[in-house]
Amino acid sequence: MHITLNGEAIDIAEGSTVAGLLEHLQLQRERVAVEVNLDIVPKNAYDGHGLSNGDRIEIVHFVGGG
């Protein structure tokens with residue numbers, strides 16, 4: 001299925017979840033915020049939040065430093 005991730009069109013497997021997408025991208029859920037179709041997805045919902053064809057997803061990485 002086709003989604004838009006941070007402004008770029010990509011293909012992902014049918015039935016993917018937010019957690020599965022993060023795993024595919026090799027991103028740690030503790031260090032990101034995820035928005036699907038303009039709604040923030042709570043971290044505790046990543047495993048059960050299914051993605052659909054045409055979804056627009058934004059992932060923001062948190063970076064530490066000083």
Exercise. If you round to the nearest 0.5 Å, how far is CG of L22 from NZ of K43?
Worked result: 8.5 Å
Problem set entry | Pairwise distance CG(N53) to CD1(I3) - rounded to 0.5 angstrom | 9.5 Å
For this session: Output the distance between atom NE2 (H2) and atom CG (D55), rounded to the nearest 0.5 Å.
Result: 13.0 Å
For this session: Might you point out which heavy atoms bring F62 and V32 nearest each other, and give the distance in Å?
Result: CE1-C, 3.6 Å
Exercise. If Ile, Leu, Val, Met, Phe, Trp and Tyr residues are connected whenever their side-chain heavy atoms lie under 4.5 Å apart, and connections chain through other members, are V60 and I40 in the same group?
Worked result: no
For this session: Look at atom CD of E23 and say whether more than 12 heavy atoms of other residues, nucleotides or ligands are closer to it than 6.0 Å.
Result: no
Problem set entry | Residue pair N6 / I59: nearest heavy atoms and the distance that separates them | OD1-N, 2.7 Å
Problem set entry | Considering all heavy atoms, the nearest A19-R29 contact | CB-NH2, 3.4 Å
Seminar exercise, completed: To the nearest 0.5 Å, atom CG of L51 lies from atom CG of L5 at 10.0 Å
Exercise. Once you round to the nearest 0.5 Å, how far does CD1 of I57 lie from CG of L25?
Worked result: 9.0 Å
Exercise. Going from CD on E58 to CG on N37, what distance comes out if it is rounded to the nearest 0.5 angstrom?
Worked result: 10.5 Å
For this session: Please say whether more than 12 non-hydrogen atoms of neighbouring residues, nucleotides or ligands are located less than 6.0 Å from CD in E8.
Result: no
